[in-house]
Amino acid sequence: MTKKIVLLAGDGVGPEVAGAAHRVLMAIAAKQGLSLTVDEKLFGGAAIDATGAPYPEETAQACGSADAVFLGAVGGPKWDDGGPRPEQGLLDLRQHLGVFANLRPITMMPGMEARSPLKDDVVRNVDILIVRELNGGIYYGDRVEGEENASDLCAYSRGEVERVARIAFEAAKGRRGRLASVDKANVLATSRLWRKAVTALGKAEFGDIALDHVLVDAMAMKLITTPSSFDVILTENMFGDILSDEASVLTGSIGLAPSASLGDGPGLYEPIHGSAPDIAGQAKANPVGAILSAAMMLRYSLDAPEGADAIELAVQGALQSGCGTPDIGGTLTTDEMTEEIISRFS
Ligand code: IPM
Ligand code: MG
């Protein structure tokens, strides 16, 4: 059966990396006889310019009935002037699709340690899966924005914590059996509920998983001092946003890191980097994060794990033979790197 993908290129380097992922998907589909359609829709700042809204109704309808949604990136200084924000479109999209679990794998490829800003022996064997709650917390609480006062409410229900924690425990089961849950339980009420809910779920259903609780400030430090000691890291929406940017540079560049956001409906796939307006339009963007996100899409939403394997192998081959964009010390353009990867499909 033909699988329907909606492609939201977005802003900045978004169209460049989404285009790379699109080409890779078409190449792997042709190679492996997969039937895919890719439907491009307006999103983010580009949608604001065209329609006034970052997540127009037509885009929402297409996303809601897709098998998976692929997103490049959104945002940029052009939309910083007090009008509608492109990022609001992303929050609306994540809420509309109900993608409450955001998976962000951070994996050090053997032999690539020198690319990391940290010492080789610190980053050797780093293999972390960050599971970030994506539909709640301070991103979605009531906001008050005045000239003299402002507030953002952070709220979580036990059910919201349990459903994302279950995904993280399950992931740990299929990996090395360890879960570090990150919170700020020494200060925040939501964090104390988080800790209680995760502990109870672990006891009730995942007795074989080694569960630790780590305060978010300590985790910020440990990700730099002992990153290879972590397996799965579970955390709430904003802590996950911050820690995943930090963790992504362990392997050399945020441009390498993919993500999958999962719920009960269509999955959402996006590189974790932003729109990078400083390098947009210069053919410098690293397409690997987007291409690996496309691999996650084949695996989790499109029932094509062999396609995912083939893409991951090709990316690994290209990187290990020294190919790369400038952010990882290479000389290739976005398109050249993409072609290099496609040429390695066996
Ligand atoms: C991310 C991004 C988004 C977030 C922004 C663009 C709203 O930083 O996906 O990590 O904060 O979730
Ligand atoms: Mg972020």
Side-chain angles (χ1 to χ4, degrees), residues 2-23 25-26 36-102 132-143 145 152 237 241 258-277 280-281 285 287 289-290 293-294 296-297 300-302:
T2 303
K3 303 281 188 184
K4 283 198 307 193
I5 301 165
V6 169
L7 187 101
L8 310 174
D11 311 316
V13 297
E16 298 166 60
V17 299
H22 190 173
R23 289 218 299 285
L25 281 168
M26 289 298 118
L36 309 175
T37 62
V38 178
D39 196 8
E40 293 198 35
K41 294 287 173 199
L42 283 169
F43 190 66
I48 294 175
D49 291 349
T51 73
Y55 187 43
E57 186 51 37
E58 193 202 324
T59 301
Q61 273 184 12
C63 291
S65 61
D67 290 297
V69 178
F70 188 92
L71 169 65
V74 288
K78 183 173 175 195
W79 303 280
D80 275 346
D81 59 1
R85 293 198 66 98
E87 292 84 354
Q88 188 57 46
L90 182 53
L91 301 193
D92 292 347
L93 170 66
R94 288 170 175 172
Q95 188 170 47
H96 176 213
L97 298 181
V99 286
F100 59 84
N102 178 221
R132 168 188 176 194
E133 200 291 325
L134 204 61
N135 276 176
I138 202 166
Y139 274 57
Y140 290 96
D142 287 344
R143 255 181 257 299
E145 196 160 356
D152 302 275
N237 204 341
D241 178 45
S259 85
S261 303
L262 308 175
D264 300 323
L268 171 63
Y269 298 84
E270 43 176 326
I272 86 165
H273 65 73
S275 60
S293 302
M296 293 183 91
M297 175 161 81
Y300 295 119
S301 289
L302 303 180

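Values reported hereafter were calculated over all heavy atoms of this structure, with side chains retained and with hydrogens, waters and symmetry mates removed.
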More than 12 heavy atoms of other groups within 6.0 Å of D264 CG: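 No, CG of D264 has 12 or fewer neighbouring heavy atoms, counting only those of other groups under 6.0 Å.
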Heavy-atom pair with the smallest gap, counting every atom of A73 and H273: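 For A73 and H273, the tightest heavy-atom pair comes out as CB-O, 4.4 Å.
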Residue pair [X] / [Y], side-chain heavy-atom distance below 4.5 Å:
X: T59; Y: L93; value: no
X: M297; Y: L25; value: yes
X: N237; Y: R132; value: yes

Between CG on residue L71 and CZ on residue R94, distance to nearest 0.5 Å: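 The CG atom of L71 sits 8.0 Å away from the CZ atom of R94.
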Between CG on residue L36 and CG on residue D39, distance to nearest 0.5 Å: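 Reported value, rounded in 0.5 Å steps: 13.0 Å.
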CA sep, side-chain torsions, deciding dist, call: K3, T37, side chain to side chain contact (heavy atoms under 4.5 Å, CB included): CA-CA 6 Å; K3 303 281 188 184; T37 62; over 6 Å; no
Check this for me, if you would: do [X] and [Y] make a salt bridge, where the nitrogen-to-carboxylate-oxygen distance has to be below 4.0 angstrom?
X: D67; Y: K4; answer: no
X: R143; Y: E145; answer: no
X: D11; Y: K78; answer: no

Modelled atom types, side-chain donor and acceptor of D241 and Y139, under 3.5 Å: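 D241 vs Y139: donor-acceptor pair found between side chains.
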Audit row: L97, S261, side chain to side chain contact (heavy atoms under 4.5 Å, CB included) steps and yes/no: CA-CA 9 Å; L97 298 181; S261 303; over 6 Å; no
Positive for side-chain hydrogen bond (donor to acceptor under 3.5 Å, both in side chains) with Y269, one of S259, S293, S301: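 So, applying the side-chain hydrogen bond (donor to acceptor under 3.5 Å, both in side chains) to Y269 and each of S259, S293, S301, only S301 qualifies.
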With sequence neighbours excluded, residues passing ring pair (Phe, Tyr, Trp, His ring centres under 6.0 Å) with Y55: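 In terms of ring pair (Phe, Tyr, Trp, His ring centres under 6.0 Å), with neighbours along the sequence ignored, Y55 is linked to F43, H96.
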